[in-house]
Student: 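First, the structure itself, so that you have it in front of you.
Along the sequence shown, residues carry numbers from 1. All of these numbers come straight from a predicted model, not from anything done at the bench.
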Amino acid sequence: MFLSVFDVFKIGIGPSSSHTMGPMSAANRFLDLILSDEWPRPSHAAVAAIKVSLHGSLAHTGIGHGTGRAVILGLMGERPDVVDPDRMDAIIEEVERTGRISPPGHPGYLFQPKPDLVFDKKVPLPGHANGMSFSAFDRDGRLLLKRIYYSIGGGFVVTDTELEAMRAAKNKPAGIKVSYPFATAEQMLDMAARSGLTIAQMKRANEECSISREELDAGLDRIWAAMNACIDRGLSQDGIMPGGLKVRRRARAIHDKLQDEWRSNKTNPLLANDWLSVYAMAVNEENAAGGRVVTSPTNGAAGVVPATIRYYLQFHDDADQEGIRDYLLTAAAIGGIIKHNASISGAEVGCQGEVGSASAMAAAGLAAVMGGTPEQIENAAEIALEHHLGMTCDPVAGLVQVPCIERNALGAVKAVTAASLALKGDGKHFVPLDACIETMRQTGVDMNEKYKETSTGGLAVNMVEC
C-alpha cells in the first residue's frame, strides 16, 4: 500500500475537498476523456453539449459546498491547484450568460447551468455517497458518452470501475514498489523496528522510489508554504463569510488580542491553546470563503495540521524546516493508513474521518518532531483518533462553517494533548491504532446517513428549528 504525501496533502480551493475539489477534478477528467481515444466515438459524431447530475451527499449539500460552481469551473478547464479564486465569479458569470463552456483545446460545448446541472436528491448512485454523472451529446441530442465519478474524500476522484477495482485490490500488493510497503500501523512499527529507521525516514525512502530527494523536499516546502500563506491570509481578513448564515470571521480579532498579550507579557495559562485555535480557525475561515487551502487530509479538516506546525515553530526552540518535512512525512504515513483501512470522507464515515483523521495525523507529526519513538508516534495518533470516534458530519445549511471551523480548533488542541501524553509514556498502550481505525470504519458504516454530510440531521436540523 502506497499513498504519496502529495496525495494526502493537495493544494486546492475551499470549501470542500470532496464537494468542491473532487467535482472540479471530475469535470477535468471528463474533458480529457472527450479528447481521448478511450471511448468508441461514432463516425461523423461530435460532442456538442454536456450535462451533469449530482447525487447523494453532493446533491444534498452541494449548493452550500459550491459543488455546482466547481463543476462549471472544471468544465471551463480550471483545475483546483491553479485556479485563481479572484477570477472564479467572472468565469461562472460568463457561462451563465452565454450558455456555453469553452475549455482550452476544445471547440466549446452547450451547457446551461440551470437545466444541465441537476441536483438529484432522490436517486443516489450505488458506489459512494458522493456520486456524479457526466454525459456528452451530439447536436441532435443523442448520448455519445457517459461516465460516473465518485469523490471519495480528500480531493480523490475515481470512476465507478476504478472504485470497484480499488475495493477488489484492497489487500493486494500496490502497483508501485516501495522500500517499506506498510499497509497497517502494526506493519509500520515492525518495519521501523527491523530497519532502525523513523517513520519519516521510511516514508521518505518510499517517496524517493519515484522522485528525487530534491523534488521531494521542494514539494514538501511548497505544501507548507501554501499552508502557512493560508494561515496568514486568514489572520488578515475579517467580515461575513459567504453562504447566508452570516457567520462572522473571528480569527483576526482573536489574533490581535493574542498579539497584545504577547507583547505585554501577560500571564495566560491557555496561551498555547489560544494560538493553536486561532491558527486553525484562520485556515478554515479561508476555506469557508473559497480560498486557497491544502487538503489535510480534507478541506473540512484543513486547519488542524497547519495549526500544529505553526505551534511547533512558535513554541519549540529547535524547530526548523527539516522538522517540518519530517512532520509532513510522518503525518502522511498515518493518513495513508487511515484512508487505506477506513475513510477520510465525511460523507462516508462522518467527521471522525475528517477532523479525527487530521488530529491523528497532526499528533503523529508533532510527536515525531519532538523526538518520539515510532511506538510513541503510533500511540499519539491512536489517542487523537480515539477521542473523535463517533463524531458526525452535520454542517448547518451544508456550509463548511458551523460546527466545522471550531472543530478544527479543538482537533488541533487534541492533537497536541495526544502527542504530549504519548511522549510521557514508553509507547505501550492498550488500544492499537489499527483497532481504533477499524472501529472508526465500523462506526461509519453503522452511522445513520443523516449524520454523514447530508445536512438532514444533528446541528444542521436542530440549529434551524431552534
Student: Could you tell me whether the side chains of Glu215 and Ser212 share a donor-acceptor contact shorter than 3.5 Å?
Tutor: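 There is such a pair between these side chains.
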Student: Mind checking whether Trp262 and Trp275 have parallel, tilted or perpendicular rings, split at 30° and 60°?
Tutor: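 The arrangement is perpendicular - the two ring planes meet at more than 60°.
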Student: Does Phe156 have Lys10 sitting over its ring (NZ/CZ under 6.0 Å from centre, angle to axis within 45°)?
Tutor: yes
Student: Would you call Thr392 and Met447 a side-chain contact if the rule is heavy atoms closer than 4.5 Å?
Tutor: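 They are in side-chain contact.
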Student: Between Thr61 and His19, is any side-chain donor less than 3.5 angstrom from a side-chain acceptor?
Tutor: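 Side-chain D/A pair, Thr61 to His19: present.
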Student: Answer yes when Arg87 and Glu78 have at least one side-chain N-carboxylate O distance shorter than 4.0 Å, and no when they do not.
Tutor: yes
Student: Taking the basic N atoms (NZ, or NE/NH1/NH2) and the acidic carboxylate oxygens, is any pair closer than 4.0 Å for Arg250 and Asp256?
Tutor: no
Student: For a quick check under 3.5 Å, do Ser57 and Glu453 share a side-chain donor-acceptor pair by atom type?
Tutor: no
Student: Does this structure show an ion pair linking Glu286 with Arg249, if we count only N-O contacts that are shorter than 4.0 Å?
Tutor: yes
Student: Between atom CG of Asn287 and atom CG of Asn299, what is the distance when rounded to the nearest 0.5 Å?
Tutor: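 Separation between the atoms: 4.5 Å.
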Student: Is any side-chain heavy atom of Phe182 closer than 4.5 Å to one of Leu189?
Tutor: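 In short, these two side chains do not touch, never coming nearer than 4.5 Å.
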Student: If you round to the nearest 0.5 Å, how far is NZ of Lys414 from CG of Leu276?
Tutor: 14.0 Å
Student: Does any donor atom in the side chain of Gln352 or Thr443 lie under 3.5 Å from an acceptor atom in the other side chain?
Tutor: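 There is no such pair between these side chains.
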Student: Should Arg213 and Asp217 count as an ion pair when the cut-off is N to O under 4.0 Å?
Tutor: no
Student: Please evaluate residues His316 and Tyr311 with respect to the criterion ring-ring contact (aromatic ring centres under 6.0 Å, His included), reporting the C-alpha separation (whole Å), side-chain torsions for both, the decisive distance (0.1 Å), and the verdict.
Tutor: CA-CA 8 Å; His316 292 267; Tyr311 161 86; 5.6 Å; yes
Student: Answer whether the closest heavy-atom distance between the side chains of Ile254 and Met281 falls below 4.5 Å.
Tutor: yes
Student: Report yes if the side chains of Glu285 and Ile405 come closer than 4.5 Å at any heavy-atom pair, otherwise no.
Tutor: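 Yes, side chains in contact.
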Student: Flag the pair Asp394 and Arg407 as a salt bridge only when some basic side-chain nitrogen lies within less than 4.0 angstrom of an acidic carboxylate oxygen.
Tutor: yes
Student: Taking atom types as modelled, is there a side-chain donor on Arg441 or Asn341 under 3.5 Å from an acceptor on the other?
Tutor: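 No, Asn341 and Arg441 have no side-chain donor paired with an acceptor closer than 3.5 Å.
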Student: To the nearest 0.5 Å, what is the distance between CD on Glu406 and OG on Ser277?
Tutor: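 Glu406 CD to Ser277 OG: 9.0 Å, rounded to 0.5 Å.
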Student: Which pairs of donor and acceptor atoms, one on a side chain in residues 415-425, lie under 3.5 Å apart (sequence neighbours left out)?
Tutor:
{"residue": "Thr417", "atom": "OG1", "partner": "Val413", "partner atom": "O", "Å": "2.9"}
{"residue": "Ser420", "atom": "OG", "partner": "Lys424", "partner atom": "NZ", "Å": "2.9"}

Student: Pairing donors with acceptors under 3.5 angstrom, does anything connect the side chains of Glu162 and Tyr149?
Tutor: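 Judged by distance alone, the side chains do not pair up.
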Student: With rounding to the nearest 0.5 Å, note down the distance linking OG1 in Thr308 to OH in Tyr327.
Tutor: 2.5 Å
Student: Looking at Arg310 and Asp232, is there a salt bridge between them, counting it only when a charged N and a carboxylate O are closer than 4.0 Å?
Tutor: yes
Student: Any chance you could measure Asn28, atom CG, to Arg79, atom CZ, to the nearest 0.5 Å?
Tutor: 4.0 Å
Student: Please step through salt bridge (Lys or Arg N to Asp or Glu O under 4.0 Å) for the pair Asp89 and Arg69, ending with a clear verdict.
Tutor: CA-CA 9 Å; Asp89 287 344; Arg69 289 168 54 84; 2.9 Å; yes
Student: Does Glu322 have any side-chain contact (heavy atoms from CB on, under 4.5 Å) partners at least two apart in sequence or in another chain, and if so, which?
Tutor: Arg204, Asp320, Arg325, Asp326
Student: Going by atom types alone, do Thr456 and Tyr451 pair a side-chain donor with an acceptor below 3.5 Å?
Tutor: no
Student: With sequence neighbours left out, write down each residue that passes salt bridge (charged side-chain N to carboxylate O under 4.0 Å, His left out) with Asp260, or none if nothing qualifies.
Tutor: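 With sequence neighbours excluded, Asp260 shows a salt bridge (charged side-chain N to carboxylate O under 4.0 Å, His left out) to Arg263, given in chain and number order.
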Student: Is Glu261 salt-bridged to Lys257, cutoff N-O under 4.0 Å?
Tutor: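 No salt bridge links Glu261 with Lys257.
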